[in-house]
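Structure first, then comments.
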Amino acid sequence: MTTALSKVEIAYIRSSLLSAPPLRADGRSPEDFRPIAVETGIAPLANGSARVSIGKPHTSREKEAEGAGGGTEVVAAVKLEVDGVGEDKEGGKVVCNVSCSPAAYPHLSSPALDDLQSDLTSVLGSVLSHPSLYPKNLVIVPGQKAWALRLDTIIFADAGNVLDCLMMACRAALVDTRVPSTRSVEYRAPGKRNEVPDDTMDVDEGRNGPSSLLETREPSGVVDFELADYWDEGGVLEARDSWPVCVTLNMLPTMHFLDATSQEESAIPLRLHVLFAFPGGKPTLHGMRMAGAGTSDLSQIRVLLKNAEKYARNMWTGLEAKLAEEEARRSIKAREKFYGRRRR
């Protein structure tokens, strides 16, 4: 969220950042982030969900420990829907959408808020909806049916660095997503029962005898599916290490810094957003974007990309640790709930 500042305030922030050592209003060093909180499984009806906040703890206990105050907060949720498949692809697609709460941007008019939502949706879609990132287990019946993954995000508060928070929330929700287990259904005409795979259901006869419709049909192969087990949570998305995180470098003539507050963003002429993933530990650059009225040359960009890779790896490692903690916490909570019911 860009905050309106006077020229004097902008000059003060810039001079403080360019001093030796750099000075920030909250005492952080240029490479320090505000406290980051991650919570998964917050939407029971979604296939995967997460809430990420930067500088704004979730619970009242955390607020007392860290100190209350404004922060950036994003919620992301994944919903899987059955979709048809075109002739030119195996199937599976990712559709992204970003909504901004008016309370997070009280200074923006309705058209400006729509433009912001469209811009952020475009950034997410250009990366997360790329065919190279389609998980293979979104395919249900090859060439016929697949899961359409709809990733919806809501920005509830923006106190700076919203794109980094948005991408962390998306990655956390995608890692939390479970794809329902399915079993193929194959319709066969009576008297032509060939061997079929164990995971294929043969429904050539109903409870009341053969169907007159199916009696005249030749075997048509797998044409439908059913859920293998209603109570089964399903499996994780394949290639989950391919979903990237974003790191934003806020640039001044002789330095750069991370995790800008809204006041700092207003005083910075140029920002570089870089998206990295680390499948198998190897860095993969998924995209980069310049924002602002400033300029930069190619040699500077090369140096910034090397630094961005280091920062993104640290962010990736930290997020993975938080997601592992969340998974352990939810497993313990589920066991306690299960055994508590059994005792009753």
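The first residue in the sequence is number 1, and the count goes up from there.
At distances below 3.5 Å, not a single donor-acceptor pair connects side-chain atoms of Arg171 with backbone N or O atoms of Cys246. Although no hydrogens or angles enter the test, the distance criterion places no donor-acceptor pair under 3.5 Å between the side chain of Asp158 and the main chain of Ala104. A donor-acceptor distance shorter than 3.5 angstrom exists from the side chain of Arg14 to the backbone of Ala267, with no hydrogens or angles considered. Under the 3.5 Å distance criterion, the side-chain polar atoms of Thr40 are left unmatched by any main-chain donor or acceptor of Ala50. Ser129 places no side-chain N or O within 3.5 Å of a backbone atom of Ser126 that could act as its donor or acceptor partner. Using a distance-only test at 3.5 Å, with no hydrogens or angles considered, no donor-acceptor pair links the side chain of Ser122 to the main chain of Ser118. Using a distance-only test at 3.5 Å, with no hydrogens or angles considered, no donor-acceptor pair links the side chain of Ser16 to the main chain of Leu23.
Here the CG atom belonging to Leu305 is positioned 8.5 Å from the CG atom belonging to Leu249, to the nearest 0.5 angstrom. How far CG of Asp83 is from CD1 of Ile140: 9.0 Å, rounded to the nearest 0.5 Å. Note that CD1 of Ile10 is 13.0 Å distant from CD of Glu264, once rounded to the nearest 0.5 Å. For the atom pair Asn97 CG and Leu151 CG, the distance stands at 9.0 Å (nearest 0.5 Å). In this structure, Thr153 OG1 and Met167 CE are separated by 10.0 Å, a value rounded to the nearest 0.5 Å. The distance from the CZ atom of Arg51 to the SG atom of Cys165 is 11.5 Å, given to the nearest 0.5 Å.
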Please lay out, stage by stage, how Leu237 and Leu138 fare under the test side chain to side chain contact (heavy atoms under 4.5 Å, CB included). CA-CA 8 Å; Leu237 285 172; Leu138 288 182; 4.0 Å; yes

Audit row: Met168, Val38, side chain to side chain contact (heavy atoms under 4.5 Å, CB included) steps and yes/no: CA-CA 9 Å; Met168 278 192 282; Val38 179; 5.9 Å; no

Determine, step by step, whether Arg329 and Glu326 satisfy the salt bridge (Lys or Arg N to Asp or Glu O under 4.0 Å) criterion, reporting the C-alpha distance in whole Å, the side-chain angles of both residues, the deciding distance to 0.1 Å, and the verdict. CA-CA 5 Å; Arg329 179 189 66 81; Glu326 270 297 293; 2.8 Å; yes

Side chain to side chain contact (heavy atoms under 4.5 Å, CB included) between Leu149 and Asn47: does it pass, once the steps are laid out? CA-CA 9 Å; Leu149 189 154; Asn47 296 95; over 6 Å; no

Take Lys93 and Glu81 through the salt bridge (Lys or Arg N to Asp or Glu O under 4.0 Å) test and state the conclusion after the steps. CA-CA 10 Å; Lys93 65 180 180 180; Glu81 301 175 355; over 6 Å; no

Might you work through the side chain to side chain contact (heavy atoms under 4.5 Å, CB included) test for Asp152 and Lys79, ending with a clear yes or no? CA-CA 8 Å; Asp152 293 299; Lys79 190 66 177 176; 5.6 Å; no

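Taking every heavy atom of both residues into account, Pro244 and Leu133 meet most closely at CD-CD1, 4.5 Å. Nearest heavy atoms, Leu258 versus Arg24: O-NH2, 3.0 Å. In this structure, Ala308 and Val247 approach most closely via the heavy-atom pair O-CG1, 3.7 Å. Across every non-hydrogen atom of Asp176 and Gly41, the tightest pair is OD2-N, 3.6 Å.
The aromatic rings of Phe276 and Phe278 lie parallel to each other, their planes meeting at an angle below 30°, with 60° marking the opposite boundary.
The side chain to side chain donor-acceptor pair (under 3.5 Å) contacts involving residues 276-291 comprise Asp119-Arg289, where partners must be two or more places apart or lie in separate chains.
For the pair Leu120/Cys100, a side-chain contact is recorded, criterion being any heavy-atom separation below 4.5 Å from C-beta on. Phe257 is listed as a side-chain neighbour of Ile268, based on a closest heavy-atom distance under 4.5 Å. Using a 4.5 Å heavy-atom cutoff, the side chains of Val236 and Arg178 are in contact.
The number of heavy-atom neighbours closer than 6.0 Å to CD of Glu327, taken from other residues, nucleotides and ligands shown, is 12 or below.
Here Ser132 pairs with His130 under the side chain to side chain donor-acceptor pair (under 3.5 Å) rule; sequence neighbours left out.
Both Leu113 and Val123 are members of a single hydrophobic cluster when ILVMFWY side chains are connected at heavy-atom separations under 4.5 Å.
Defined by atom type and a distance below 3.5 Å, a donor-acceptor pair is present between the side-chain atoms of Thr248 and Asp164.
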Which donor-acceptor pairs under 3.5 Å do the side chains of residues 27-36 make with protein atoms, sequence neighbours left out?
residue : atom : partner : partner atom : Å
Arg28   : NE   : Asp26   : OD1          : 3.3
Arg28   : NE   : Asp26   : OD2          : 2.7
Arg28   : NH1  : Asp32   : O            : 2.8
Arg28   : NH1  : Asp259  : O            : 3.2
Arg28   : NH1  : Asp259  : OD2          : 3.2
Arg28   : NH2  : Asp26   : OD2          : 3.1
Arg28   : NH2  : Asp259  : O            : 3.1
Ser29   : OG   : Asp32   : OD1          : 3.2
Ser29   : OG   : Asp32   : OD2          : 3.0
Glu31   : OE2  : Tyr311  : OH           : 3.2
Asp32   : OD2  : Ser29   : N            : 3.3
Arg34   : NE   : Asp259  : OD1          : 3.4
Arg34   : NE   : Asp259  : OD2          : 3.0
Arg34   : NH1  : Ala159  : O            : 3.1
Arg34   : NH2  : Gly160  : O            : 3.3
Arg34   : NH2  : Asp259  : OD1          : 2.8

